[in-house]
Amino acid sequence: MGNRYLAQLTHTSLARAVHAHIVTSGFKSFPLIINRLIDHYCKSSNIPYARHLFDKIPKPDIVATTTLLSAYSVAGNIKLAHQLFKVTPLTIRDTVSYNAMITAFSHSHDGHAALQLFIQMKRLGFVPDPFTFSSVLGALSLIADEERHCQQLHCEVVKRGVLSVPSVLNALMSCYVCCASSPLVDSCLLMAAARKLFDEASTSLRDEPSWTTIIAGYVRNGDLVAARKLLDGMTNHIAVAWNAMISGYVHRGFYEEAFDLLRRMHSLGIQLDEYTYTSVISAASNAGLFYIGSQVHAYVLRTVVKPSQHFVLSVNNALITFYTKCGKLVEAKRIFDKMPVKDLVSWNAILSGYVNARCIEEANTIFREMPERSLLTWTVMISGLAQNGFGEEGLKLFNQMKLEGLDPCDYAYAGAIASCSVLGSLDNGQQLHSQIIRLGHDSSLSVGNALITMYARCGLVEAADTVFLTMPYVDSVSWNAMIAALAQHGHGVRAIQLYEQMLKEDILPDRITFLTILSACSHAGLVKEGRHYFDTMRAHYGITPEEDHYSRLIDLFCRAGMFSEAKTVTESMPFEPSAPIWEALLSGCRIHGNMELGIKAAEQLLKLLPQQDGTYISLSNMYATLGQWDEVARVRKLMRERGVKKEPGCSWIEVENMVHVFLVDDAVHPEVHAVYKYLEQLVHEMRKLGYVPDTKYVLHDMESEQKENALSTHSEKLAVVYGIMKIPLGATIRVFKNLRICGDCHNAFKFISKVVDREIIVRDRKRFHHFRNGECSCGNYW
DNA sequence: ATAGGGTTAG
């Protein structure tokens, strides 16, 4: 019995039999045989048992150590690999075991540790071989961000004469390619260096990885044309290179080119694999091409007979994303549930599917059930909570993430900041901002965009502007966020100016830009401008106005009292008026007292959104104004019968990093008596300046009507008064309300701002009101 | 016993 026989061992049962024989017969175990057994157990993923055997050897040799070390490395257990290496005496280390350890570091993305070890081995007199260079160059690819890093090892490779080893050549090319994507270098220069290596290598040296490396290099650095030229010049068709090209097209949004390459691959008879499929499925997801995606799905099911585990995993992962992006959550979940093996990507894909579909309950369940989580998992969940209005939960999760010892990435910070936007928590937002600066995340695009929105939603438009102006890179999201910030704070003209500047800088507006600019015009009463922008949408930018664009246009006309124009638009729209259209009509009618149209709009809304509380209240108020009390009774009865609950109004204010919440006629807040008392004093002063409480708003409020008096105190008044009492003189009062601000409160705040000579900012569901010196920025237009 | 190329989740 010898090594030759054991080399053919493929079954654990056989290995066990041999092993048992060794043990029972007292057979003196030769290192060769034990090493074979260790190797076997490693390969059959039973590393703990391999380790058990290893520990029994009185004096493990280099081969046994290296075998085990590589097994740890492949399994991703860098800690155990490094431990094993550290306890190995120098006498039983050699170049091979150093190579294995360098590779282990490299595969665990620790380029610096790998490089350190390379330096150490040379200092100790071990001679690097081609394997060493391939490994250490692989590690350098992870960290090289300056040309000289690549050049240093390049020199050493040349001196040692190993540039003629394909794996070394390829790894060196990879180094230049990776370094080229660092923001600190001239990427063309580094790509030229990689290309020179490629061109100067003899044809026989260039193997499939060489071609793929240079093609993928061009793809990664955005030169799709150069990549394509090389691909077209190849005589042998390597699927890997084609896959790199396809994924390049997909990443840059050239979906047609990607599908075209797929068809060519197919007709040339190149074997399509999981990498091809994942890329084209992702193309179908991003381009929203449901038909093509499901065709690919069907084709895979029909043609792939015996898919490997890796194939099943990656293709299904891509399909989960595809189906969620097409809004087919059920199909996505079906695939997810049926998968025999799931990995982190599968879990993250289904999680973000639920989050994007705003199914936050389901997302929470998935998040809890996940067997493991990555930074991405936390980030998806945190920003998902924020996007769905769960600011408090978002911040909580962010803190929990830190408690678990994870370092949040810039996206996670963006999610936390978005949570602050929801809450209007400036204190938390500013603290996060300073952490971000300390950590150097402040150049991140997503962080910048989140900060713009956060400062704007906390009432500090100018701080938002500062962030916008100091961001190193901006995208259309940044412009949209800043335009929206100005619009919400009533700076309609500035919003338009910024939009015009955006056009001057050749940034293409998207559908969101138009939603924003239309709201800006609407808030500021800029009818002519709004109509103009609406017309340019299709004419200049080829963006077909959708329902929400129309509803904003109608809103623009209605607010200005131009009901006949609004009617014309409604009738000429390519679709039937839906809820947002009626809502726009209704709110315009409310401002201008157009009862006839208002009642019609509200009755329509009642049919479309029977659970929306505001409609019943508006409708009953309008009937009440007209004195049609039987109609009032009918609407109320309807509301009761349908079990529609009025969303309770609440307002909050942040004082010294604490959020204080107030309800209508609040009796819960510990200092509420002092608040009422101070409010009384204020009203006394306000009356002297001409303030008359408007009971209309109270009378028509169905909830307070039961109290049969007109003295109900709205939550926003309590919060503002509390702020005046607690916030240092001169500092702005910032109050947030979940619903729209009440008309009497709006009027009262104008007087209060004059009486106490302070700026008061109120954020309601729709926009901001800046009260200063008896005036409001909204111009009574909201 | 050790090395180099392509994919999917924000």
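No hydrogens, no waters, no symmetry mates; every other heavy atom, side chains included, goes into these values. Note on naming: letters A, B, ... go to the chains in the order of the sequence lines (proteins, then strands), and numbering restarts at 1 for each one.
- Residue His107(A) is classed as a sugar-phosphate contact, given heavy-atom separations below 4.0 Å to backbone atoms only.
- Asp94(A) comes within 4.0 angstrom of a base, heavy atoms only.
- Nucleic acid contact for Val380(A): sugar-phosphate only, since backbone atoms but no base atoms lie under 4.0 Å from a heavy atom of the residue.
- Once you apply a 4.0 Å limit to the heavy atoms of chain A, the touched nucleotides of DNA chain B run 5' to 3' over dA1(B) to dG10(B).
- Base engagement by Asp207(A) is indicated by at least one non-hydrogen atom pair under 4.0 Å involving a base atom.
- Under the side-chain contact (heavy atoms from CB on, under 4.5 Å) criterion, Val177(A) pairs with Met191(A), Ala194(A), Asn221(A), not counting sequence neighbours.
- For the pair Lys196(A) and Tyr176(A), the NZ or CZ position fails the cation-pi test of under 6.0 Å to the six-membered ring centre and within 45 degrees of the ring normal.
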What side-chain donor-acceptor pairs closer than 3.5 Å can you find for residues 340-348 of chain A, not counting sequence neighbours?
| unit_1 | atom_1 | unit_2 | atom_2 | d |
| --- | --- | --- | --- | --- |
| Lys342(A) | NZ | Phe336(A) | O | 3.3 |
| Asp343(A) | OD1 | Asn317(A) | ND2 | 3.1 |
| Asp343(A) | OD1 | Val345(A) | N | 3.1 |
| Asp343(A) | OD1 | Ser346(A) | N | 3.0 |
| Asp343(A) | OD1 | Ser346(A) | OG | 2.8 |
| Ser346(A) | OG | Asn317(A) | OD1 | 2.7 |
| Ser346(A) | OG | Asp343(A) | N | 2.9 |
| Ser346(A) | OG | Asp343(A) | O | 3.2 |
| Asn348(A) | OD1 | Thr377(A) | OG1 | 2.7 |
| Asn348(A) | ND2 | Ser374(A) | OG | 3.3 |

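- Here Ser314(A) lies in heavy-atom contact (under 4.0 Å) with a base.
- Within 4.0 Å (heavy atoms only), Ile238(A) reaches at least one base atom of the nucleic acid.
- At the heavy-atom level, Ser247(A) lies under 4.0 Å from the strands shown only through sugar-phosphate atoms.
- When heavy atoms are screened at a 4.0 angstrom cut-off, Ile350(A) is found touching no nucleic acid atom at all.
- Aromatic pair Phe85(A)/His82(A): ring centres not closer than 6.0 Å.
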